[in-house]
There are 2 protein chains.
Amino acid sequence: MKPYLLQMLKEIALLGGVRNTIEVSSVELADQLNTSQQTASRYLLELDKKEFIHREFGIKKQRITITDNGLHALEDEYSQYKQIFDLESKVCFKGVAVSGMGEGKYYTNQPGYIQQFQQLLQFTPHPGTFNVEITPIERNKLRLLKNVGGLEIEEFTTKNRTFGSVLCFPASVNGVKGAIVLPRRSHYSTIIEVISPHYLRERLAIKDGDPVEVMVFLKKK
Amino acid sequence: MKPYLLQMLKEIALLGGVRNTIEVSSVELADQLNTSQQTASRYLLELDKKEFIHREFGIKKQRITITDNGLHALEDEYSQYKQIFDLESKVCFKGVAVSGMGEGKYYTNQPGYIQQFQQLLQFTPHPGTFNVEITPIERNKLRLLKNVGGLEIEEFTTKNRTFGSVLCFPASVNGVKGAIVLPRRSHYSTIIEVISPHYLRERLAIKDGDPVEVMVFLKKK
DNA sequence: ATTACTAAGCAGCGAGTAA
DNA sequence: TTTACTCGCTGCTTAGTAA
């Protein structure tokens with residue numbers, strides 16, 4: 001939807017056009033939008049044609065109601081703004097399921113990690129990680145997470161080697177509880193690793209390439 | 001602010017550009033907005049020039065942060081959407097204070113009205129009404145109020161005459177408690193009449209022509 | 001009063017390209 | 001790789017005006 005049409009739809013909504021009929025002339029709407037009567041009229045024609053509003057003509061002014069279609073458009077926009085101002089409490093990643101190379105299983109079987117997961121997350125992770133590939137542009141949100149800070153999993157040493165520290169955030173994958181795991185060392189990649197008390201791949205009935213939504217929860221300040 | 005610039009600002013915010021720096025190229029932003037690299041670049045120049053964002057250039061990509069200015073623009077937009085979806089619980093009118101012709105005092109001194117006000121609103125109105133002139137376009141919101149319904153003040157008869165029924169809504173004027181009064185008979189005018197336990201004109205230190213904000217509260221369903 | 005057409009002008013778009 | 005310039009073209013805007 002063209003941004004200028006959405007703007008007009010918003011204006012109609014603010015005047016009470018949601019589940020209610022308003023009576024306005026194209027001149028009045030033009031004034032509200034700081035534009036000409038002709039442009040307001042054209043916008044109304046476009047909104048009508050695209051079924052975002054319904055119009056009836058009287059002898060003067062016109063009666064306008066926002067359709068379900070139009071209401072959905074407004075709701076979508078609203079939810080984006082809610083997300084922006086909610087970004088300090090939760091961050092949403094959209095991606096697709098991918099297979100790792102089994103290293104996830106190796107790490108999540110280390111007692112040194114398992115104990116800390118149990119303590120900080122109050123669950124025992126199912127062996128292995130569930131990997132989600134995100135678009136490069138969403139890596140910016142990973143940076144955001146590191147800036148805000150999360151649960152610190154400390155490094156530890158076994159007789160064989162050292163396991164590095166990890167930053168961890170409670171999360172959900174398509175609504176199922178878990179946590180995401182960001183190794184401190186590695187640079188931001190386009191793969192998010194998720195651990196969960198459940199075997200996510202089975203629980204969500206997901207195979208490689210399926211779209212998934214990862215919601216990451218930040219600790220409130 | 002041009003709607004298409006706001007759209008881009010919103011996109012930057014969704015990527016985490018609020019109180020945080022993101023690294024994106026103009027091509028990536030163009031992809032997000034379904035437009036060309038050139039257009040994305042131009043938008044960034046405009047947003048920068050108008051101080052909605054701050055930019056730094058690295059060897060690749062650019063580091064972008066939303067300025068306070070930009071954040072305000074987003075907050076304004078957000079609050080408008082909040083208002084739309086809150087319209088079923090409260091409606092806001094902006095107008096200016098005007099003087100009536102004293103009839104307000106006559107009506108608000110009628111015991112038949114006073115008793116009902118006390119019962120439905122839990123306060124005794126200060127004699128007289130506080131009148132607010134709204135723009136003709138906002139009369140649509142009055143229609144909305146009548147559709148939703150409010151507190152019914154019933155008509156009554158004295159030995160001299162009949163006083164008509166009135167629709168009434170709890171409200172506040174610049175934050176001070178009161179109620180608006182819509183005579184059932186009269187057609188929508190551009191004057192809102194407000195009653196209040198306080199002498200609003202004095203309490204708010206307001207004279208004719210001063211801008212006021214009337215917030216009307218609807219009963220929840 | 002109203003809506004909305006036509007026509008002309010101008011702003012925004014993006015291909016090509018420089019740095 | 002980047003960003004952002006020029007410039008031709010498209011499409012949005014608005015004055016004038018009909019209905």
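In this text, all values refer to a predicted model and were calculated from it rather than measured experimentally. Below, each value reflects all heavy atoms present in this structure, side chains not excepted, and no hydrogens, waters or symmetry copies. Residue numbers begin at 1 in each chain, while the letters A, B, ... track the order of the sequences.
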So, OP1 or OP2 of [N]: does either fall under 4.0 Å of a side-chain N or O from [X]?
| X | N | result |
| --- | --- | --- |
| A:Thr35 | D:dT14 | yes |
| B:Tyr43 | C:dG12 | no |
| B:Ser26 | D:dT3 | yes |
| A:Arg42 | C:dT6 | no |

I want to confirm an ordering. Mapping A:Lys2 and A:Gln37 to their closest nucleotides on DNA chain D, which one lands closer to the 5' end?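 Mapping each residue to its closest nucleotide by heavy atoms, the 5'-most match is A:Lys2.
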Under 3.5 Å, is there a donor-acceptor pair between the side chain of A:Gln83 and the main chain of A:Tyr81?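 Side chain of A:Gln83 to backbone of A:Tyr81, a donor-acceptor pair under 3.5 Å: no, none is there.
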Within the side chain of B:Asn109, is there an N or O that forms a donor-acceptor pair under 3.5 Å with the backbone of B:Lys105?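 Yes; judged by distance alone, with no hydrogens or angles, the pair exists.
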[X] near the nucleic acid: base, sugar-phosphate alone, or nothing, with a heavy-atom cut-off under 4.0 Å?
| X | answer |
| --- | --- |
| B:Ile59 | nothing |
| A:Ser41 | base |
| A:Leu44 | nothing |
| A:Thr39 | base |

Does B:Gln38 get its side chain close enough to the base of C:dG16, under 3.5 Å, for a donor-acceptor pair?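 It does, because a donor-acceptor pair links the side chain of B:Gln38 to the base of C:dG16 below 3.5 Å.
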Once you round it to whole Å, what is the distance between [atom2] of [N] and [atom1] of [X]?
| X | N | atom1 | atom2 | value |
| --- | --- | --- | --- | --- |
| A:Met8 | D:dT13 | CE | C1' | 14 Å |
| A:Leu5 | D:dC12 | CG | C1' | 11 Å |
| B:Tyr4 | C:dA11 | OH | P | 11 Å |
| A:Glu23 | C:dT2 | CD | P | 12 Å |
| A:Leu45 | C:dT2 | CG | C1' | 14 Å |
| B:Leu33 | C:dC13 | CG | C1' | 14 Å |
| A:Phe57 | C:dT2 | CZ | C1' | 10 Å |
| B:Asn34 | C:dC13 | CG | C1' | 14 Å |

Whether [Y] and [X] form a salt bridge (side-chain N of Lys/Arg under 4.0 Å from carboxylate O of Asp/Glu) is what I want to check.
| X | Y | result |
| --- | --- | --- |
| A:Asp210 | A:Arg201 | no |
| B:Lys82 | B:Asp86 | no |
| A:Lys49 | A:Glu46 | no |

